Amino acid sequence: MPPIEDLILFALALAGAGVVAGILAGLFGIGGGAILVPVFYQVFAMVGVDEAVRMHLSVGTSLAIIVPTSLRSYFSHRKRGAVDDVLLKSWITAVPLGALLAAVVAAYSSSEALRGIFAVIAVLVAFRMLFNRASWRLGDDLPRNPFKYIAGVVIGLLSGLMGIGGGVLNNTFMSLYGRPMHQAVATSSGVGVLISIPGLIGYVIAGWGASGLPPFSTGYINWVAVALIIPITLLVAPVGVALAHRASKRQLEIGFGIFLLIVAVRFAISLAE
């Protein structure tokens with residue numbers, strides 16, 4: 001058992017991360033995974049977690065936190081009839097398959113590789129946020145299988161590698177095919193369920209017995225972080241929401257795009273060190 005001082009420092013650092021992630025998640029209207037992963041990476045570095053497992057632990061723990069939040073969000077949206085259940089049913093195996101593949105890839109990937117993947121996807125999403133146009137369309141309705149099924153696998157795979165609930169990627173996919181944004185956002189909550197549950201299981205298995213993990217970890221899931229972050233993010237997220245209502249949608253898109261670029265640059269610098 002590590003010294004009590006180290007455990008207290010670890011808990012305080014994670015609590016601070018929860019405050020930052022909750023505010024930013026509320027501000028930008030996303031599940032928080034894209035924010036939690038880089039924040040976790042910095043916090044785990046502060047408390048001396050081995051660099052070899054730091055990124056894996058950040059991604060896996062983020063997915064564990066998304067499980068209850070995505071479930072709560074999904075049932076809330078479903079009551080309002082905003083979820084595209086037809087799309088979710090067609091992805092009932094595709095998205096979890098992608099999430100499980102992500103855990104397999106993570107098990108055989110270095111920390112540098114995962115940071116590189118996160119940085120590249122972050123740049124692509126940031127580009128979409130910064131230069132988005134309503135006229136960007138690939139079609140007037142969702143594509144048929146097998147392309148739709150493949151898209152579900154890809155969304156699950158990339159989201160699982162980044163530790164996110166798939167909201168940003170699914171919103172992009174559905175909006176490019178003419179679906180209204182409110183339906184895309186509601187459906188993304190269900191996509192988050194399909195990603196986070198198999199992703200959690202996959203990262204537990206992938207990290208089972210790994211060395212260098214902090215206390216109270218099962219595989220690449222740190223339960224101290226999970227227990228601290230969930231209530232804190234739920235508590236402070238309304239602060240971010242209040243700030244969001246003072247800004248336009250375009251301002252939020254630009255803000256989130258800039259945030260993702262900063263994260264990508266930070267990871268790129270760490271890869272060059």
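A quick note: this is a predicted structure, and the numbers were derived from the prediction, not measured.
Residues N222 and T61 have side chains that never bring a donor and an acceptor to within less than 3.5 angstrom of each other. The closest side-chain donor-acceptor pair between T218 and W223 falls under 3.5 angstrom.
The main-chain N or O of S109 is found under 3.5 Å from a side-chain atom of H56 such that the two form a donor-acceptor pair. Here the side chain of S159 pairs no donor or acceptor atom with the backbone of G156 at under 3.5 angstrom.
A heavy-atom distance below 4.5 Å is not found between the side chains of F147 and L142. Proximity of Y41 to V37: side-chain heavy atoms (C-beta onward) are nowhere separated by under 4.5 Å. Side chains of V53 and S111 form no contact here, defined as non-hydrogen atoms less than 4.5 Å apart. The closest side-chain heavy-atom distance from V95 to V153 is not below 4.5 Å. Side chains of M55 and F40 form no contact here, defined as non-hydrogen atoms less than 4.5 Å apart. S58 is not listed as a side-chain neighbour of Y220, based on a closest heavy-atom distance of 4.5 Å or more. R179 has its side chain within reach of D141: a pair of non-hydrogen atoms, C-beta onward, lies under 4.5 Å apart.
Annotation for F173 and P143: closest pair CZ-CD, 3.9 Å, computed over non-hydrogen atoms. What you find for I221 and L57 is that their closest heavy atoms are N-CD1, 4.0 Å. When every heavy atom of I155 is checked against every heavy atom of N170, the shortest pair comes out as CD1-CA, 4.1 Å. Nearest heavy atom pair, residue A106 against residue Y203, reads CB-OH, 3.6 Å. Contact detail for I66 and G163: the closest heavy-atom pair is CD1-O, 3.6 Å. When all heavy atoms are compared, the tightest approach of K148 to L87 is CD-CD1, 3.8 Å.
To the nearest 0.5 Å, the span separating CG on L88 from OG on S189 amounts to 7.5 Å. Considering CG of L161 and CG of L157, their distance stands at 5.0 Å, rounded to 0.5 Å. Rounding to the nearest 0.5 Å gives a distance of 7.0 Å between CG of L169 and CE of M162. Note: L158 CG to I164 CD1 = 8.0 Å, rounded to the nearest 0.5 Å. The NZ atom of K89 sits 10.5 Å away from the CG atom of D84 when rounded to the nearest 0.5 Å.
Linking ILVMFWY side-chain heavy atoms closer than 4.5 Å, directly or via other members, places V226 and L71 in a single hydrophobic cluster. With hydrophobic clusters built from ILVMFWY side chains whose heavy atoms lie under 4.5 angstrom apart, W208 shares a cluster with V105. There is no path of hydrophobic side-chain contacts, each under 4.5 Å, that joins L194 to V104. Linking Ile, Leu, Val, Met, Phe, Trp and Tyr residues whenever their side-chain heavy atoms come within less than 4.5 Å places L228 and I230 in a single cluster. Criterion: ILVMFWY side-chain heavy atoms under 4.5 Å apart, direct or through other members. Under it, V120 and I262 are not part of a common hydrophobic cluster.
Among residues two or more places apart in sequence or in another chain, the side chain to side chain contact (heavy atoms under 4.5 Å, CB included) test is passed with S110 by E112, A113. With sequence neighbours left out, R54 forms a salt bridge (charged side-chain N to carboxylate O under 4.0 Å, His left out) with no residue at all.
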Quick one, F118 with V59, criterion side-chain contact (heavy atoms from CB on, under 4.5 Å). Give me CA distance, side-chain angles, the key distance, then yes/no. CA-CA 10 Å; F118 192 104; V59 172; 5.5 Å; no

